[in-house]
Amino acid sequence: MMETLFYLAAVIALSATILALTRANAAHALIYLILSLLAVAVLFFLMGAPFAAALEILIYAGAIMVLFVFVIMMLNLGKSGEELERSGLHARNWIIPGIMATLLFVELMYAVEQTSSLTSGTAVSPKEVGLELFGPYVLAVELASMLLLAGLVGAYHLGRRFIVRSGSDD
C-alpha cells in the first residue's frame, strides 16, 4: 500500500511540475509549484524522513513561495494583468489543483496513521542535522548560501530593470 502512495505522490509531483512550467499566468504556475513542493514533502515523509518533509513544507512551500508572490505583485502587470487575474478566479481553474491537494492530504493522513512502519526507528534531532551540516558539509552549505545570494541579487537587478522600463511606458 505504501508503494502505491509513493507512486501516487510522485505522479502528482510530476504532473504539478509540468503544469507549473506550462502555465502562462504566473499566479497559476505558482499554485501548481506549491502543489509540486507539497507532493515532494509527502514523498520525503513516505521515505521515512519526516524532518526533511517538514523542512520542505516550511522553507520551500512556505517561505520561498511567499517571496514568489511578492515578485509577482512587484511586477504589477497593469490593466492586462488585472484582467488576466480576474479571468483566473473562475471555479473551473481550481478543480485540478483542488483534486491534487485533496489526494495529497488524504495520502498524508493515511501515512501518518501508519508512521511506525515508515520510519527507521532512529530519531534524528534537528541539532544532529545541524552539527552534520556545519561539520563535514560546511563547504557545501556555504556554497549553496552564496549561490542563493547571487540568485537573489540577480533577480533584484533584473526585476528593477523591468520595473524601470515598464514605469516609463505609463
What is the distance from atom CD1 of I57 to atom CG of L37, rounded to the nearest 0.5 Å?
-> 10.0 Å
ILVMFWY clustering at 4.5 Å (side-chain atoms), partners of L143 = L139
With sequence neighbours left out, write down each residue that passes side-chain contact (heavy atoms from CB on, under 4.5 Å) with L30, or none if nothing qualifies.
-> I34, M65, F68, V69, I72
Mind listing the closest non-hydrogen atom pair of Y110 and L5 along with its distance?
-> CD2-CD1, 3.2 Å
Report the C-alpha distance between M100 and I96 in whole Å, list the side-chain angles of each, state the deciding distance to 0.1 Å, and finish with yes or no for side chain to side chain contact (heavy atoms under 4.5 Å, CB included).
-> CA-CA 6 Å; M100 288 177 157; I96 294 174; 4.2 Å; yes
Who are the side-chain contact (heavy atoms from CB on, under 4.5 Å) partners of L58, not counting sequence neighbours?
-> none
In the hydrophobic clustering that connects Ile, Leu, Val, Met, Phe, Trp and Tyr at side-chain heavy-atom distances below 4.5 Å, which members other than V153 occupy its cluster, ordered by chain and number?
-> L149
Set of side-chain contact (heavy atoms from CB on, under 4.5 Å) partners for F44, sequence neighbours left out | V40, M47, A52, A53, E56
Enter the distance from L104:CG to I99:CD1 here, rounded to the nearest 0.5 Å.
-> 12.5 Å
Sequence neighbours excluded, which residues qualify as side-chain contact (heavy atoms from CB on, under 4.5 Å) partners of L147?
-> none
For V141 against F134, the heavy-atom pair lying closest together | CG1-CE2, 3.6 Å
Where P97 and I31 come nearest, the two heavy atoms and their spacing = CB-CG2, 4.0 Å
Test log, rule side chain to side chain contact (heavy atoms under 4.5 Å, CB included), inputs V42 and L46 | CA-CA 6 Å; V42 171; L46 290 172; 3.9 Å; yes
Using residues 12-20 as the side-chain source, report each donor-acceptor pair under 3.5 Å to any protein atom, sequence neighbours left out, with the distance given to one decimal.
{"unit_1": "S15", "atom_1": "OG", "unit_2": "V11", "atom_2": "O", "d": "2.9"}
{"unit_1": "S15", "atom_1": "OG", "unit_2": "I12", "atom_2": "O", "d": "3.2"}
{"unit_1": "T17", "atom_1": "OG1", "unit_2": "A13", "atom_2": "O", "d": "2.7"}
{"unit_1": "T17", "atom_1": "OG1", "unit_2": "S36", "atom_2": "OG", "d": "2.6"}

Is the number of heavy atoms from other residues, nucleotides or ligands under 6.0 Å of M146 CE greater than 12?
-> no
Quick one: closest heavy-atom pair of L131 and P136, and the distance?
-> O-CD, 4.3 Å
Side-chain heavy atoms under 4.5 angstrom apart, residues restricted to Ile, Leu, Val, Met, Phe, Trp, Tyr: same cluster for I59 and L152?
-> no
Shortest non-hydrogen pair, L108 vs F45, comes out as CD1-CD2, 4.0 Å
